[in-house]
Every structure is written in structure tokens, then in C-alpha cells.
Amino acid sequence: MSAGEKLRLGVLGSGKGSNLDAIFRGIHEFHLPAEVKVVASDVRDAGILAIGRSHRAHSKYVYPGESRAKLDPDSERNMVNLLQQEHVELVVLAGFMRIVGPQLLAAFPRRIINIHPSLLPKHRGLRAWEQALAAGDSVAGCTVHYVDEGVDTGDIIAQAEVDVLPGDTAESLHARIQEAEHALYPEVIGFFARERPFAG
Ligand code: GRF
């Protein structure tokens, strides 16, 4: 990759894909020097695949295998092959609901990032905004971090805070956090695209 080329992204998700949508907006409206080479999901009818297709990105369901928490080894190999065929330089997890396994980590060392809806290291795991409400936090937010073998444990790259307001419900707080995600993720990807902070 040389300076001036667009950063080649592979985006993995299991859900509705609002962060992918924000990344496309960053590319189309704010000239983020990146391109989405492939969108992959472990959920056949995930909204993220429909968003990928609507932007004419290569969008593919990858059969996850029998395990619930991760991809089976064969499936993980298929995912690695798909990303490598597209010469992906940065793997962007956007609501990918499985633990990333050793084949992906080995194929993309320090090149897999995730966005999590809390101010890590607080509130790892599922429905983090509910954890923030239950804890009585006055500030919540989101974190972009490198992915390692743990769950939401990798080195933190960037965070954005949002206030928890009186009367907030899980839904209203989650919506505010997602709005912050949609600004933060494209910003971080822009940083990767311009600075190329990759080893080797
Ligand atoms: C985001 O809230 C992100 O923090 C979490 O999964 C959600 C994905 O949402 N990891 P979407 O599919 O991008 O709308």
C-alpha cells in the first residue's frame, strides 16, 4: 500500500449495520480515503448485508458453523480467505456478535478493530448501555479498540462520551450512544487511512 491509495476495508457484522452506513457516509460525503471491499456476516438476513449490497459492495453471508460464540475453524478459514481475496488491510467489526478466533487474529495482526457501546474498560460484553444505566453512571459512551483474543479487552484507540440524562431509558441511551458511534468510527477509520499505523 502506498500513500494516496484508499485503505481497503473488510466490515464484519451480525446486525442492522448502522455503523457500516455511517462508514459509507464518511466515504461518500466526507471523502474518507477508504473503500469497503467486502462486507461479511454470520447472519444470512442481516441488515448489514443489505446495506453493503445497496452500496454495491461485495456482501457475503459466511456460514458460521455449529458454535454460537465463535466461528467454527472451517468457517473462520473461509472468512480469512474472503478477506484476503479482497486484499483487505483493516478488518472493521461493526456489531459482529462472535469472539474473533486465532486464524483471523494471525492473518490480521493489529489490523482488526471493534466498536463497543461503553467507555471501556467499563461494561464489557452485551447490552453495555443497560449496564451503564444499572450502575448509575452519569456519563456513558463508546470505544474503538483493537481486537485481541478476549471480549472487549484490546488496546483502546479512541472514545466518545455522551451524557446519561435524567429519565433516560435503555432505548434512549442506546440511541445517543449509537449516534456517537456513527461519528467516532468513520473518524478513527479516517485516522487509519491517513496515518497507516501498521507494523511492518
Ligand atoms: C453497535 O452499537 C456496536 O457498539 C456494537 O454493535 C452495535 C452494532 O450496531 N458492537 P449496527 O449493526 O452497526 O447498527
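Just follow the structure's listing: the first ligand is 1, and inside any ligand the first atom is 1.
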Do Asn114 and ligand 1 have an N or O pair less than 3.5 Å apart? no
Does a salt bridge link Lys122 with Asp137, judged by any charged N lying under 4.0 Å from a carboxylate O? yes
Could you point out which residue of Ile27, Val39, Asp21, Ile23 forms a side-chain contact (heavy atoms from CB on, under 4.5 Å) with His55? Asp21
In this structure, atom 6 (O) of ligand 1 is nearest to the protein heavy atom Gly95 CA, 3.3 Å
Within 45 degrees of the axis of the six-membered ring of Phe198 and under 6.0 Å from its centre: does Arg111 put its NZ or CZ there? yes
Note the single closest protein heavy atom to atom 7 (C) of ligand 1, along with its residue, its atom name and the distance in Å. Gln178 NE2, 3.9 Å
Do Gln178 and Lys16 get their side chains close enough for a donor-acceptor pair, meaning under 3.5 Å? yes
Within a reach of under 6.0 Å around CD of Glu179, are more than 12 heavy atoms found that belong to other residues, nucleotides or ligands? no
In the protein, what heavy atom is nearest to atom 14 (O) of ligand 1, and what distance, to one decimal place, separates them? Ser18 OG, 2.5 Å
How far is atom 3 (C) of ligand 1 from its nearest protein heavy atom, and which residue and atom name does that atom have? Glu181 OE2, 3.4 Å
Quick test of your reading of the model: are Asp155 and Arg110 salt-bridged, counting only N-O distances below 4.0 Å? yes
Looking only at protein heavy atoms, what sits closest to atom 5 (C) of ligand 1 is Ile115 O, 3.7 Å
Gly17 to ligand 1, any heavy atom closer than 4.0 Å: yes
